[in-house]
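Treat the numbers as computed from the prediction; the structure is a model and nothing was measured.
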Amino acid sequence: MADIGAVTWPHARFSEAFLILRAEEVGLALMLMPLVLVGMNAVYAMSAWPAGVLSDRMSRPAMLIAGLGLLIAADLILALVPGYFGLGAGIALWGLHMGLTQGLLAALVAEAVPAELRGTAFGMFNLITGVALLLASVVAGALWQGIGSAATFLTGAAFASIAVLGLIALRHRLALADAT
């Protein structure tokens, strides 16, 4: 059984709306803006099932670390690589991160609690991650407006790196919980 406390905090990202803002900054035409989320969600959808299969065969903490590594890469590319190439690569990596982590987080929640409390656990998980996403997005918006887009994505990469360090520190404890 996984530790529910460890499940809730590796959610180290902000709203995907910032991908649209980055696309606008890069110069993507207004009529093409929906393609930002379509592209991110297409990668997410195409990677979710293979990632789920993979998560059944490997260490779940390692899988979360890999997913956060993809988020770090996406944030760094969005912050540092100019133009449409940087935008496209960042969007694709963000979607891949979602594919690797979102189903896995749900599986960890389901494994962490008795069957009769799963509805409550999912409700709490979604409440906590929703509030965290809202707060992260407020901070990201303040950074974007005050310093710029690069600062926003670099800060996102820093927070995801902190989450990775926390997962590495808890990896042994989580592996023991998975074995039971």
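The hydrophobic cluster containing Met46 does not contain Val38, counting ILVMFWY residues as joined when their side-chain heavy atoms lie under 4.5 angstrom apart, directly or transitively. Each of Ile72 and Leu143 belongs to its own hydrophobic cluster when Ile, Leu, Val, Met, Phe, Trp and Tyr are linked at side-chain heavy-atom distances under 4.5 angstrom. Note: the hydrophobic cluster containing Met58 also contains Leu96 (ILVMFWY, side chain heavy atoms under 4.5 Å, direct or indirect links). Ile147 and Leu154 are assigned to two separate hydrophobic clusters, defined by single-linkage of ILVMFWY side chains at heavy-atom distances under 4.5 Å. Linking ILVMFWY side-chain heavy atoms closer than 4.5 Å, directly or via other members, places Val139 and Leu133 in two distinct hydrophobic clusters.
Looking at every heavy atom in both residues, Ile77 comes nearest to Gly90 through CG2-N, 3.8 Å. Contact detail for Ala107 and Arg60: the closest heavy-atom pair is CB-NH1, 3.9 Å. Closest of all the heavy-atom pairs between Leu76 and Ala157 is CD2-CB, 4.0 Å. In plain terms, the two heavy atoms of Pro61 and Ser59 that are nearest each other are CD-OG, 3.2 Å. Shortest non-hydrogen contact noted between Gly95 and Ser47 is O-OG, 3.9 Å. A pairwise comparison of heavy atoms in Ile91 and Gly39 identifies CG2-C, 4.2 Å as the closest pair.
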query = Going through the distances and angles, do Leu135 and Val131 end up as a side-chain contact (heavy atoms from CB on, under 4.5 Å)?
reply = CA-CA 6 Å; Leu135 293 174; Val131 168; 4.0 Å; yes

| CA sep, side-chain torsions, deciding dist, call: Thr120, Val113, side-chain contact (heavy atoms from CB on, under 4.5 Å) | CA-CA 9 Å; Thr120 301; Val113 297; over 6 Å; no

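In this structure, the separation between CG on Leu64 and CD1 on Ile168 is 12.0 Å, given to the nearest 0.5 Å. To the nearest 0.5 Å, atoms CG (Leu68) and CD1 (Ile162) are separated by 11.5 Å. With rounding to the nearest 0.5 Å, the separation of CZ in Phe122 from CG in Leu127 is 14.5 Å. Taking CG from Asp75 and NE2 from His97, the interatomic distance works out to 8.5 Å, rounded to the nearest 0.5 Å.
Counting non-hydrogen atoms of other residues, nucleotides and ligands closer than 6.0 Å to CD of Glu116 gives a total above 12.
Proximity of Leu71 to Thr101: side-chain heavy atoms (C-beta onward) are nowhere separated by under 4.5 Å. Side-chain atoms of Leu78 and Leu19, non-hydrogen and from C-beta on, do get closer than 4.5 Å to each other.
Applying the salt bridge (charged side-chain N to carboxylate O under 4.0 Å, His left out) test to pairs two or more places apart or on separate chains, those with a residue in residues 24-50 are Arg22-Glu25.
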When the side chains of residues 27-36 are checked against the rest of the protein, which donor-acceptor pairs come out under 3.5 Å, sequence neighbours left out?
none

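For the ring pair (Phe, Tyr, Trp, His ring centres under 6.0 Å) test, residues two or more places apart in sequence or in another chain that qualify with Phe14 are Phe18, Trp94, Phe153.
At distances below 3.5 Å, at least one donor-acceptor pair connects side-chain atoms of Ser137 with backbone N or O atoms of Ser15.
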